[in-house]
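Here is the structure we will look at.
If you're wondering where the values come from, they're calculated on a predicted model, not measured in any experiment. We're numbering straight along the sequence, starting at 1.
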Amino acid sequence: MDSPTIVVVGGVDPGGGAGLLRDVATATGLGARAHAVGTAWTEQAEGLHRVEPRAPAAVRAALADALASRRPAAVKIGMAVGPTTAAALLAALERYDGPVVVDPVLATSRGGSLWSGAPRELFPLLRRATLVTPNALEAAALGARSVASAAEAEAAGQALLAEQIAAVLIKGG
């Protein structure tokens with residue numbers, strides 16, 4: 001049996017500890033074939049934070065091509081860069097009926113911004129997702145509430161579900 005193809009979408013963290021490179025490694029490690037669609041290149045180090053976004057039209061075309069030619073079992077989206085790129089991703093997903101997981105990446109672990117809009121501007125893409133997987137800080141930003149305990153994480157998850165998001169898994173870190 002052929003390995004399933006997973007289309008992974010996100011920003012490149014050159015260190016490979018997060019982002020697109022990590023998603024490719026994870027999919028491959030789990031026995032899937034990964035097809036990557038980059039949204040941005042990032043540079044992250046002590047005292048360094050730089051994001052070079054890819055043109056939204058190019059991101060849309062790359063995702064649409066991957067969906068048409070690869071016929072993926074699923075799509076995983078990480079860093080969407082900003083509202084225009086998120087809208088481009090949403091447009092490319094228009095005819096795709098498979099599962100979509102969105103990890104709403106807003107910032108680096110050092111706190112540098114990876115999302116150029118207001119957190120709520122991600123909601124159209126999140127509503128398209130089968131599963132949304134924010135960490136506690138992202139869930140707090142999306143829900144405009146504190147998420148410092150399991151009870152607060154549950155409340156934030158319920159608030160996101162009330163926004164017509166299909167399913168939410170809030171991660172600790």
Side-chain angles (χ1 to χ4, degrees), residues 6-28 34-64 66 74-93 99-148 152-153 156-157 159-160 163 165 167-173:
I6 308 297
V7 171
V8 292
V9 179
V12 175
D13 170 5
L20 199 55
L21 297 178
R22 172 56 43 206
D23 289 343
V24 168
T26 299
T28 302
H35 181 88
V37 174
T39 59
W41 185 271
T42 70
E43 297 289 344
Q44 305 169 48
E46 191 65 39
L48 173 66
H49 174 76
R50 186 169 45 243
V51 176
E52 298 172 28
R54 188 173 181 197
V59 173
R60 178 183 177 170
L63 179 54
V75 174
K76 191 274 183 178
I77 298 172
M79 180 183 171
V81 182
T84 306
T85 301
L89 293 169
L90 190 57
L93 289 166
V100 176
V101 175
V102 177
D103 180 1
V105 176
L106 301 175
T108 69
S109 59
R110 290 187 170 105
S113 179
L114 296 174
W115 173 253
S116 68
R120 290 196 61 81
E121 291 179 282
L122 255 174
F123 277 47
L125 182 59
L126 300 183
R127 289 184 183 111
R128 169 55 183 90
T130 309
L131 174 64
V132 176
T133 62
N135 64 30
L137 293 174
E138 293 158 348
L142 291 166
R145 64 178 63 230
S146 173
V147 179
E152 289 176 340
L160 291 172
E163 295 283 347
I165 295 172
V168 178
L169 173 64
I170 297 177
K171 305 171 291 186

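Using a 4.5 Å heavy-atom cutoff, the side chains of K76 and T26 are not in contact. Looking at L89 and V102, their side chains never come closer than 4.5 Å, going by heavy atoms from C-beta outward. Within the 4.5 Å cutoff, side-chain heavy atoms of L125 are placed close to those of L93. Between L126 and P104 the shortest side-chain heavy-atom distance falls below 4.5 Å. Counting heavy atoms from C-beta outward, R128 and V100 have side chains that approach closer than 4.5 Å. Side-chain contact between L21 and D13 is absent, with no heavy-atom pair separated by less than 4.5 Å. With contacts defined as side-chain heavy-atom distances shorter than 4.5 Å, the pair L137/L106 does not qualify.
Side chain of R145 to main chain of E152: no donor-acceptor pair is present (N/O by atom type, distance under 3.5 Å, no hydrogens or angles). Side chain of T39 to backbone of V81: no donor-acceptor contact under 3.5 angstrom is found. Put simply, the side chain of T42 gets close to the backbone of V12: a donor and an acceptor are under 3.5 Å apart.
Nearest approach of G38 to V59, heavy atoms of both residues: O-CG2, 3.7 Å. Contact detail for V105 and W115: the closest heavy-atom pair is O-CB, 4.0 Å. Here the closest heavy-atom approach between residue I170 and residue A153 is recorded as CD1-O, 3.1 Å. Closest approach of L122 to A80, counting heavy atoms only: CD2-CB, 4.4 Å. Closest of all the heavy-atom pairs between S116 and P83 is OG-CD, 3.8 Å. Between A34 and A27, the shortest heavy-atom distance links the atoms CB-CB, 4.0 Å.
Here the straight-line distance linking atom CD1 of I165 with atom CZ of F123 works out to 5.0 Å at 0.5 Å rounding. Interatomic distance, T133 OG1 to D103 CG, rounded to the nearest 0.5 Å: 4.0 Å. A distance of 13.0 Å separates CE in M79 from CG in D23, rounded to the nearest 0.5 Å. The CD1 atom of I77 sits 11.5 Å away from the OG1 atom of T85 when rounded to the nearest 0.5 Å.
Qualifying side-chain contact (heavy atoms from CB on, under 4.5 Å) partners for A88, counting only residues two or more places apart in sequence or in other chains: P56, R60. Not counting sequence neighbours, the partners of E43 by the side-chain contact (heavy atoms from CB on, under 4.5 Å) test are P14, W41, L48, R50.
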>> Working note: V9 + L63, criterion side chain to side chain contact (heavy atoms under 4.5 Å, CB included); need CA distance, chi angles, decisive distance, verdict.
In response: CA-CA 8 Å; V9 179; L63 179 54; 4.1 Å; yes
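A salt bridge (Lys or Arg N to Asp or Glu O under 4.0 Å) check over residues 113-125, counting only residues at least two apart or in different chains, returns the pairs R120-E163.
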